[in-house]
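Please read the structure below before turning to the comments.
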Amino acid sequence: MRSAACGRGEIASIPQTPAQVALGVISTVMAILGTVVLLAGALVLFAVVTGRADASDFGLAFAGITLSGWPPMGLAVVTLAAGALLCVTAWLGIAASRDSGRVGPYRFLCYLVGLVLLVAVLWSWGSGVILIFNPIVLSTTVTYVVVCSSLADRVQREHDEGVRGESYLLDGRQRALRLVSQVIIVTAALNAVVTLILWYAVSQMGPTAPVVLAEAECTAGQLSGRVLGWGLASAGVNLLVGLFGLRGANQPEKVRPFLWISAASFAYAVAQLVAGIATSGGLGSVQSSSVTDALLYGTCTYLSVKIRRQPRGREGRAADGETGRADGAVEAGR
């Protein structure tokens with residue numbers, strides 16, 4: 001017989017430990033970045049094939065940018081290979097985040113990349129080049145050796161010890177809020193990555209070089225600290241909001257903090273939108289981010305209210321097909 005929960009449109013989520021959730025988020029970010037890198041590599045390859053990228057003694061000239069020391073075809077191949085590596089890593093990571101028994105290939109790939117990086121650093125050191133401080137090598141080393149390998153070891157250890165993650169009974173609104181929260185978490189991670197890239201680009205400029213950002217002019221030295229501080233702070237706040245939303249979606253009785261945050265953010269976004277319309281005299285000059293924020297947090301507030309008001313008998317956490325707090329919510333097999 002079908003369970004009473006299924007009759008209400010509820011389904012059990014995939015059991016995931018916190019390590020698997022973190023692995024899933026990181027793998028999603030890597031999948032997005034990998035796709036972007038693949039597209040960039042394909043664009044460079046297309047420019048090489050069609051003769052729109054020229055090699056000179058100074059390097060590769062493409063779209064008004066000179067990349068010293070890179071032949072056109074070499075840059076295209078390396079970029080495509082990097083994008084493919086990111087996508088394969090993301091695919092294996094997402095599979096491991098959904099099933100801990102499939103973490104082996106992901107763990108092997110992370111250690112293999114770490115070994116290749118170690119060999120490259122030692123070889124360059126012997127040649128008199130300090131490669132470890134190269135931003136690409138450094139970020140790749142931190143990502144694969146420190147973050148990905150550690151998560152892979154954690155997931156593998158939990159699998160060996162028989163640790164199973166929690167599985168929650170989710171109705172339609174909870175699934176929607178869970179998806180929105182995951183999007184917020186992934187966006188926060190991407191914002192952190194973009195912040196670090198922008199900070200590095202600005203830090204390579206002269207401290208007194210003029211920079212115009214959002215119609216405000218300042219020097220590169222002034223902007224460098226602001227980009228890093230405000231960017232990482234914003235990413236951290238969004239990450240916290242996403243985690244609160246994820247907890248509220250999984251456990252409706254704990255959705256109240258996310259409801260408060262969403263309502264306050266929605267009110268602020270609406271106030272900004274109204275002020276922008278009043279100042280500009282119409283929607284034409286209003287920034288699209290203001291409209292997006294209002295829609296996002298309005299949706300979060302609506303979902304949070306509906307989840308908060310649902311009957312208490314529907315609250316429950318499913319583990320291996322059983323509920324922990326919802327008496328009589330699931331009667332499978334009866």
Side-chain angles (χ1 to χ4, degrees), residues 14-41 78-124 131-166 181-197 199-200 231-232 235-236 238-240 242-243 246:
I14 298 174
Q16 288 181 309
T17 64
Q20 287 178 278
V21 173
L23 180 58
V25 171
I26 292 174
S27 298
T28 302
V29 174
M30 292 184 74
I32 296 173
L33 293 177
T35 303
V36 173
V37 174
L38 279 177
L39 291 175
V78 170
T79 305
L80 289 173
L85 176 62
L86 287 172
C87 289
V88 171
T89 305
W91 176 62
L92 294 176
I94 292 173
S97 70
R98 299 171 66 88
D99 182 2
S100 60
R102 303 174 63 180
V103 75
Y106 176 79
R107 188 165 177 254
F108 172 78
L109 179 60
C110 291
Y111 276 101
L112 179 62
V113 173
L115 179 61
V116 171
L117 288 172
L118 177 61
V119 172
V121 169
L122 293 178
W123 178 81
S124 64
L131 190 61
I132 186 62
F133 295 112
N134 182 285
I136 296 178
V137 175
L138 183 60
S139 60
T140 304
T141 302
V142 171
T143 301
Y144 278 90
V145 177
V146 178
V147 179
C148 296
S149 296
S150 300
L151 283 174
D153 289 341
R154 177 72 178 273
V155 174
Q156 182 67 61
R157 185 168 59 252
E158 291 174 344
H159 177 74
D160 294 339
E161 295 175 354
V163 177
R164 288 182 56 84
E166 295 175 328
S181 301
Q182 290 172 340
V183 170
I184 293 175
I185 292 173
V186 171
T187 303
L190 287 174
N191 286 342
V193 172
V194 172
T195 295
L196 293 175
I197 294 175
W199 169 78
Y200 176 77
L232 292 182
N238 288 334
L239 177 62
L240 188 61
L243 292 175
L246 196 60

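Only this structure's heavy atoms are used, side chains among them; waters, hydrogens and symmetry mates stay out. We number each residue from 1, following the sequence as shown.
Taking all atoms of both residues into account, the shortest heavy-atom contact from C87 to A31 is SG-O, 4.5 Å. When all heavy atoms of A90 and S27 are compared, the pair lying nearest together is CB-O, 3.1 Å. Smallest separation of non-hydrogen atoms from R164 and P15: NH2-CG, 3.4 Å. Closest heavy-atom contact between G41 and L80: C-CD2, 3.6 Å. The heavy-atom pair separating S181 from G242 by the smallest distance is CB-O, 3.5 Å.
Remark: the T89 side chain and the Y144 side chain contain an N/O donor-acceptor pair separated by less than 3.5 Å.
Between the CD1 atom in I26 and the CG atom in L151 there is a gap of 5.0 Å [rounded to 0.5 Å]. To the nearest 0.5 Å, atom SG of residue C148 and atom CZ of residue R107 are 13.5 Å apart. Interatomic distance, OG1 of T143 versus CG of L117, reported as 10.0 Å (0.5 Å rounding). Atom CG of L243 and atom CD of Q182 lie 11.0 Å apart (nearest 0.5 Å). Interatomic distance, L38 CG to L85 CG, rounded to the nearest 0.5 Å: 10.5 Å. Note: H159 NE2 to R102 CZ = 12.0 Å, rounded to the nearest 0.5 Å.
Put simply, the side chain of Q20 never gets that close to the backbone of V155: no donor and acceptor are under 3.5 Å apart.
Put simply, the side chain of Y106 reaches to within 4.5 Å of the side chain of L23, judged on heavy atoms.
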(request) Could you walk me through whether T141 and V146 pass the side-chain contact (heavy atoms from CB on, under 4.5 Å) test, one step at a time? (result) CA-CA 7 Å; T141 302; V146 178; 5.9 Å; no
(request) Test N238 against N191 for side-chain contact (heavy atoms from CB on, under 4.5 Å), laying out the working first. (result) CA-CA 9 Å; N238 288 334; N191 286 342; 4.0 Å; yes
(request) Go through the steps for I184 and L246 under the test side-chain contact (heavy atoms from CB on, under 4.5 Å), then give the verdict. (result) CA-CA 10 Å; I184 293 175; L246 196 60; over 6 Å; no
